[in-house]
There are 2 protein chains.
Amino acid sequence: MSRQAPTLEDVAREAGVSRATVSRVVNGVRNVDPAIQEQVRRAIERTGYAPNRAARSLVTRRAETVALVVSGAGDSSDGAQAAFAARVFADPFFGRVVAGIVGFLRPRSVHPVLMFAESAEARQEVLTYLRQGRADGALVVSTHADDPLPALLAEARLPAVLFARPSRPVRLSYVDLAHRDGGRLAAERLLDRGCREPVTISGPLAVAASQERLAGFRDTLARRGHRHVPVAEGGFTLDSGIGSMTDLLAQHPDLDGVFAANDLMAQGACQVLREHGRRVPDDVAVVGFDDSTAALDCRPRLTTVRQPVEDMAAEMARLLDDHIHGARTRPTSVVFAPELVVRESA
Amino acid sequence: MSRQAPTLEDVAREAGVSRATVSRVVNGVRNVDPAIQEQVRRAIERTGYAPNRAARSLVTRRAETVALVVSGAGDSSDGAQAAFAARVFADPFFGRVVAGIVGFLRPRSVHPVLMFAESAEARQEVLTYLRQGRADGALVVSTHADDPLPALLAEARLPAVLFARPSRPVRLSYVDLAHRDGGRLAAERLLDRGCREPVTISGPLAVAASQERLAGFRDTLARRGHRHVPVAEGGFTLDSGIGSMTDLLAQHPDLDGVFAANDLMAQGACQVLREHGRRVPDDVAVVGFDDSTAALDCRPRLTTVRQPVEDMAAEMARLLDDHIHGARTRPTSVVFAPELVVRESA
DNA sequence: GTGAAAGCGCTAACAT
DNA sequence: ATGTTAGCGCTTTCAC
């Protein structure tokens, strides 16, 4: 903040070469005499030079930054932003997304700007941010099915990649999980353990992933002779897991297997079961979904369907990178396979 | 991405005025004829103009961006970044910090870039980022007491504000909580309920906040006649709460009150107590700390010492803003008061 | 109140 | 292999 920061010019003078040469060594361009290279490097050291990014971005037309946007539903009022942010981060899922993204981005020196798009105004802000060239593209994680942001992004022809297939088709790349297969894995596990009265706590049915996990679960059970499977719709929160499990237990006291559409709800279910004197897994087997930290926090530790979130998030970043650098023109989708992780709860 | 983005020049031509005038209306500078103002506004609309931020930053020397850095301990290997990120986000505390920060920054159109500084290399990256002018300052949340980043930042004279007083004094502003008072509130609550055998699960004793919460708790108890209070050191995780409570229960079966240094550990403690047939709060009263989402997730809901994290985080952002704009020259500290929130657990 | 023009610090043609 | 130079798109004196 005190004295003016040194510029290329300063370094050039110090090293007795031209600005262009300094620029070349800074950017690692070949065709520079090793001796001069060293000379410049020392001048940089002495002056404490750090290239001004605004100047560079102005000519390269690259911000080396991507927007990491957590996108909400339709029209929550703008004051709800704080609550929205807090809620998002309360889910261990999001931490894994960040980890995966940063893992890919960091070695490439690109940085994520955190944005929340929970209102119409906030969405416009995301678009403006990109159009101003402050970020080269967007990585979007929607918390709701009918998120309008993807369509806006596609229409503005801004580079973007989504986590999960959008409910309405949009010309944007995305990564996703084969949720139906995940539901199948859960069903098979319960069946293989000999469950006779399986039930399920689904995610919000407005979310496609919830639908598919449920469908996979139901279809598999149906194929093995279970025509009617009790379902309670949850909201992916611990609280909703507790509520749903309580209801299910009241209506179907004989249940002996539970598939919860995420680990947080499974954790809630385990709590309720224990409080009602049911042992997990001996009396009731419980299978979760995600393999998040909640799966390990839970007692007993959760048998769960693993979603390779970090890998998926890294792939998002990779796809976006390709789009930004023109290596990929058409929207692409990459679908990952779930995997059953057997622990103690089933 | 297709055709070139419109520039000031384009808008100026479209509106039949000079670049300077357009710039003035874009930046809301007075001294522009209302009629021309409207004329320009329409031209902007028609062309779909969005000011190029790199160009603006180049002249204003402002990125309108701050680094939000989560800073770890000494020297975790660089590959640990993913685990570090996931762990950080698993704590509901961080979501509240983000909410508070974004709440302040958004109305000012400044955006947070997420950075992790868990290794020496990562810390250098943060410094470089700031020196390149990509961010105007840093908001630092350390997860460890001996975080070297604050000193590096201060030495480089880069604008930065910390969450919590650093263990070694550093010429940087920070916000903090009166942790000792928090410990006192917890002790008083337990005593007022008539607890005779209080115990505590502390945070990591390397963390100053843990020490102070413990000191406040102990001092208050001592003053009321409890000379010796059993302590188990936890790690602020649910798991460590479970472990500590189990130990405490084994060694002090008569305990009837627990103060856990955060809600996550309190939640773990409640689990263990219930499993051992102790009713909360009838047999054992439990007081948490933070008033995070964990306090509500817990059954029974946690009586806890509230830390106004969102307000503290917003204040961090405000302090940084002041430093960046030269409104504040000397390091300042703002200490917030904790507050007891009574629910069901005590 | 408005315009002309001088940079901000950098990269990338183009010359040499 | 190195230097010269023309911008990138914007803000901001300084004249008018």
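In the text below, chain A, chain B and the rest are named by the order of the sequence lines, each starting its count at 1. Computed from a predicted structure; not experimentally measured.
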Just wondering, are more than 12 heavy atoms of other shown residues or ligands nearer than 6.0 Å to [atom1] in [X]?
X        : atom1 : result
B:Glu155 : CD    : no
B:Arg168 : CZ    : no
B:Glu45  : CD    : no
B:Arg134 : CZ    : yes

**Item:** Exam field: side chain A:Gln132 to backbone B:Arg53, donor-acceptor pair closer than 3.5 Å
**Value:**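 No, because the side chain of A:Gln132 does not come within donor-acceptor range (under 3.5 Å) of the backbone of B:Arg53.
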
**Prompt:** Do A:Gln39 side-chain atoms and A:Ala15 backbone N/O form a donor-acceptor pair below 3.5 Å?
**Reply:**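 It does hold such a pair.
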
Nearest-Å distance for atom pair [atom1]/[atom2], residues [X] and [N]:
X        : N      : atom1 : atom2 : value
B:Asn52  : C:dC8  : CG    : P     : 18 Å
B:Gln132 : C:dG9  : CD    : P     : 15 Å
B:Arg131 : C:dG9  : CZ    : P     : 15 Å
B:Gln4   : D:dG9  : CD    : P     : 6 Å
A:Leu8   : D:dT5  : CG    : P     : 17 Å
A:Leu58  : D:dC8  : CG    : C1'   : 4 Å
B:Arg53  : D:dT11 : CZ    : C1'   : 12 Å
A:Arg61  : D:dG7  : CZ    : P     : 14 Å

**Positions of residues 40-49 of chain B (non-hydrogen atom under 4.0 Å from DNA chain D), listed by number** =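 Output list: B:Tyr49.
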
Counting just side-chain N and O atoms, does [X] come under 4.0 Å of either OP1 or OP2 of [N]?
X       : N     : result
B:Ser18 : C:dA4 : no
B:Asn31 : C:dG1 : yes
B:Thr7  : D:dG9 : no

**Request:** Mind checking the CG-CG spacing from B:Leu153 to B:Leu130? Nearest 0.5 Å is all I need.
**Result:**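 The distance works out to 6.5 Å.
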
**Message:** Can you tell me how far apart OG (A:Ser71) and CG (A:Leu149) are? Round to the nearest 0.5 Å.
**Reply:**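 Reported value, rounded in 0.5 Å steps: 4.5 Å.
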
Which atoms of nucleotides 12-14 of chain C (N or O only) lie under 3.5 Å from a protein N or O atom, and what are those distances?
none

**Ring-face cation of A:Arg108 near A:Phe104 (centre distance under 6.0 Å, axis angle within 45°)** =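 So A:Arg108 does make the cation-pi contact.
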
**Request:** Just compare C:dT2, C:dT11, C:dG9 and give me whichever is closest to any side-chain atom of B:Ile36.
**Result:**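 My answer, after comparing the listed nucleotides, is C:dT2.
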
**Request:** Please report the closest heavy-atom contact between B:Pro6 and B:Gly48, naming both atoms and the distance.
**Result:**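 Looking at all heavy atoms of both residues, the closest pair is CG-O, 3.8 Å.
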
**Prompt:** Just how large is the angle between the end axes of the helix from C:dG1-D:dC16 to C:dT16-D:dA1, five pairs per end, to 10 degrees?
**Reply:**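 Comparing the axis at each end, I get an angle of 30°.
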
**Message:** Just so I know, are the side chains of B:Leu127 and B:Tyr129 near enough to count as touching, which here means a heavy-atom distance under 4.5 Å?
**Reply:**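 The answer is no, as the side chains (C-beta and beyond) never meet within the 4.5 Å cut-off.
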
**Prompt:** Below 4.5 Å, heavy atoms only, C-beta onward: do B:Phe116 and A:Arg106 meet side chain to side chain?
**Reply:**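 Yes. Closest side-chain heavy atoms under 4.5 Å.
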
